[in-house]
Amino acid sequence: MENLRIPGPTPLPNEVLQALSRQMINHRGAEFEQILGDVTDNLKQLFQTQSDVFLLTGSGTGGLEAVIVNTLSPGDKVLSVSIGVFGERFATIAQQFGAEVIPLRFEWGKAADADAVRQALQAEPKIKAVLVTHNETSTGVTNDLASISSVIKEFDKLLLVDAISSLGSINLPVDDWHLDVAVTGSQKGWMAPPGMAMVSVSQEAWQAHSKAKMPRFYWDFTQARSYLSERRQTAWTPAISIVFALSVSLEMMLKEGLPNIIARHARVGQAARDGVKSLGLSLFAEESHASNVVTAINSSDGLDVKKMLKILREEHRIILAGGQQRLGGKIFRIGHLGWVTEEDIETVISALRVVLPQAGFRK
Ligand SMILES: Cc1ncc(COP(=O)(O)O)c(C=O)c1O
């Protein structure tokens with residue numbers, strides 16, 4: 001088996017693999033209704049929310065589009081707080097659907113600054129919503145969302161959060177931090193395959209939804225809500241196998257307990273950071289905001305990242321991620337979310353110790 005250490009998809013536990021081999025059932029039948037009801041209740045616990053939570057068949061990006069088209073109208077002013085590739089993607093979706101996006105960009109590798117968010121909101125009172133990425137997977141940075149949220153709520157704006165790679169792994173109390181919509185993806189910390197986005201929708205988000213005029217059909221939250229509340233069904237045929245997988249993985253997560261899961265990711269994240277530093281490498285992310293689900297590492301001192309990834313893959317069966325867009329060749333990333341322990345990280349660090357000199361790295 002390959003040792004898949006990218007920031008999603010993640011390896012699946014055996015119990016989840018077995019769930020994936022189940023025969024299909026009627027998605028409009030009693031058995032599926034029971035499973036969907038349980039999965040939704042379990043997700044609410046792990047989102048730490050009393051609000052509505054929906055399962056939408058589609059990848060995380062589909063979930064981001066759902067967030068935008070369900071809460072905004074063309075011409076709405078939106079503040080985009082962006083610290084990397086995925087922050088830019090969220091903004092692009094809003095722009096494509098006609099929002100007037102006001103960008104607030106921070107240097108890649110750094111976290112967003114809450115005071116700068118305050119200044120941006122002061123400068124433009126007509127802003128309706130703020131887009132924030134909780135964990136920027138492309139740079140390995142986790143934003144201080146509690147602080148950013150309290151600023152956004154001082155101004156009473158809608159807070160729309162890409163929590164795709166953080167929810168279920170890094171603490172994110174959706175209700176306590178007043179997230180209006182939070183979206184995550186099944187292939188991240190949830191120990192399930194790619195293919196479903198999960199979203200929470202606050203009361204304020206529902207109010208915005210009732211006035212939102214962006215075109216939507218497949219992603220319409222009104223449809224999702226009426227099918228779930230009236231029949232415990234999804235509006236359209238769901239990815240049934242992924243719901244089977246989630247029904248098992250969420251039970252495993254609840255058995256471990258959310259505080260324990262969060263603590264395990266913190267330990268694993270620390271092990272990854274300590275490990276790469278012990279090899280003489282440096283972190284791309286500022287350490288005070290380094291992510292516990294993905295570690296981004298600078299390529300330096302002669303290191304050929306492409307060659308290193310190839311040797312790791314071919315000779316050690318370890319798969320790590322490169323850098324995205326302008327970070328290509330400049331960084332590489334170790335994913336450590338979902339089904340992962342400190343021993344898994346030790347295996348990666350030991351292999352790196354052998355491979356780095358083979359790929360040109362000189363301390
Ligand atoms: C923070 C973040 N946002 C958005 C996405 C996009 O999700 P998907 O690739 O499932 O469309 C990802 C996936 O890596 C992500 O990590």
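Whatever order the structure lists them in is the order used to number ligands and atoms, beginning at 1.
- Close approach to G60 involves these atoms of ligand 1, each under 4.0 Å from a residue heavy atom: 7 (O), 8 (P), 10 (O), 11 (O).
- For the pair R89 and ligand 1, a heavy-atom separation below 4.0 Å is found.
- Atom 9 (O) of ligand 1 has its closest protein heavy atom at Q187 NE2, 4.1 Å.
- The protein non-hydrogen atom at the shortest distance from atom 16 (O) of ligand 1 is T137 OG1, 2.5 Å.
- Between K77 and E100, at least one side-chain N (NZ, or NE/NH1/NH2) sits under 4.0 Å from a carboxylate O, which counts as a salt bridge.
- Residue, atom and distance of the protein heavy atom nearest to atom 12 (C) of ligand 1 are F86 CE2, 3.4 Å.
- Here the heavy atom of the protein found nearest to atom 3 (N) of ligand 1 is D162 OD2, 2.6 Å.
- Under the 3.5 Å distance criterion, the side-chain polar atoms of D180 are left unmatched by any main-chain donor or acceptor of E204.
- Residue contact annotation: K188 has a non-hydrogen atom under 4.0 Å from ligand 1.
- Using modelled atom types and a 3.5 Å distance limit, the side chains of T341 and D344 yield a donor-acceptor pair.
- When the options T61, V183, I6 are ranked by their closest heavy atom to atom 11 (O) of ligand 1, first place goes to T61.
- Which parts of ligand 1 touch S59 is read off a 4.0 Å heavy-atom cut-off, strictly below it: atoms 8 (P), 10 (O), 11 (O).
- A donor-acceptor pair shorter than 3.5 Å can be found between the side chains of S165 and T137.
- The part of I164 lying near ligand 1 is the side chain, judged by heavy-atom distances below 4.0 Å.
- No donor-acceptor contact under 3.5 angstrom links the side chains of E136 and N143, judged on distance only.
- Looking only at atom types and distance, the side chain of H336 has a donor-acceptor partner in the side chain of T295 under 3.5 Å away.
- Those atoms of ligand 1 that come under 4.0 Å of a heavy atom in N135, given as number and element, are 1 (C).
- Distances below 4.0 Å separate heavy atoms of S165 from the following atoms of ligand 1: 1 (C), 16 (O).
- Y227 carries R231 over the face of its six-membered ring, with the cationic atom under 6.0 Å from the centre and within 45° of the normal.
- Ring geometry for W236 versus F217: interplanar angle under 30°, hence parallel rather than tilted (30 to 60°).
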